[in-house]
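Structure first, then comments.
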Amino acid sequence: MFNSREFGWSDVDIALQGKLLTKAVAVEHTESQEVKKLRGKGVKAFGIKSGNIDVKGKIEMYKSDFDVLLAQTGNKGVSGLKDLTLTVAYSNEAGDLAVNTIIGIVVTEIGQGVKQGDMEIIIPLPFEALDIKYA
């Protein structure tokens with residue numbers, strides 16, 4: 001069946017450790033693989049060799065959701081934000097569903113800042129992870 005409806009922000013549910021993040025404002029994740037071109041005589045490569053795979057990303061959320069997350073992980077700061085599971089589920093009105101589960105997340109940095117005129121505080125949480133499961 002043809003469906004021209006693409007996923008939008010309102011079609012995304014984000015859960016960290018099973019808790020729905022209702023105040024998340026952004027999520028991104030990438031899976032990359034090291035590659036090396038194999039070269040011999042001539043100027044063009046004759047093959048490409050694949051190597052290690054890396055997973056990284058970032059979640060951005062309002063400070064109130066971040067404070068709840070910190071409390072759930074023992075208020076240990078960045079050292080408590082490890083071995084986390086992030087689920088990003090995309091579902092639309094047509095019934096399409098795609099789920100990305102990022103496992104083994106370790107948050108690498110916590111940054112907070114606010115300045116005059118800000119109407120909200122958004123906390124970015126960059127992370128490294130072990131794997132992504134696509135369903």
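Here the structure is a predicted model, which means the values were calculated and not measured.
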Determine, stepwise, if the pair Val55 / Leu130 fulfils side-chain contact (heavy atoms from CB on, under 4.5 Å). CA-CA 6 Å; Val55 176; Leu130 296 176; over 6 Å; no
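- Here the closest non-hydrogen pair linking Arg39 and Ala45 is NH1-N, 3.6 Å.
- Leu16 and Val106 are assigned to two separate hydrophobic clusters, defined by single-linkage of ILVMFWY side chains at heavy-atom distances under 4.5 Å.
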Would Phe46 and Lys37 satisfy side-chain contact (heavy atoms from CB on, under 4.5 Å), going step by step from the backbone distance to the final call? CA-CA 8 Å; Phe46 64 84; Lys37 292 182 180 177; over 6 Å; no
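- Gln72 is linked by a side-chain contact (heavy atoms from CB on, under 4.5 Å) to Lys19, Val68, Leu69, counting only residues two or more places apart in sequence or in another chain.
- Take Lys36 and apply the salt bridge (charged side-chain N to carboxylate O under 4.0 Å, His left out) test, not counting sequence neighbours, and it matches no residue.
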Step-by-step side-chain contact (heavy atoms from CB on, under 4.5 Å) determination, Leu86 to Ile14: CA-CA 7 Å; Leu86 176 70; Ile14 304 164; 3.6 Å; yes
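- Of the options Val107, Thr73, Leu125, Leu70, a side chain to side chain contact (heavy atoms under 4.5 Å, CB included) to Val78 is made by Val107 and by none of the others.
- Under the 4.5 Å side-chain criterion, counting only non-hydrogen atoms from C-beta, Val88 is in contact with Val12.
- Taking 4.0 Å as the cut-off between side-chain N and carboxylate O, Asp65 and Lys63 do not count as a salt-bridged pair.
- Hydrophobic clustering, with ILVMFWY side chains joined whenever heavy atoms are under 4.5 angstrom apart, keeps Val99 apart from Tyr134.
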Chi angles and distances behind the side-chain contact (heavy atoms from CB on, under 4.5 Å) call for Leu97, Ser91: CA-CA 4 Å; Leu97 177 65; Ser91 61; 3.9 Å; yes
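- The backbone N or O of Thr85 sits less than 3.5 Å from a side-chain atom of Gln17, completing a donor-acceptor pair.
- Checked against Ile105 for a side chain to side chain contact (heavy atoms under 4.5 Å, CB included), the options Thr108, Ile102, Ile103 give a single hit: Ile102.
- Counting only distance, with no hydrogens or angles, the side chain of Asp118 and the backbone of Lys115 share a donor-acceptor pair below 3.5 Å.
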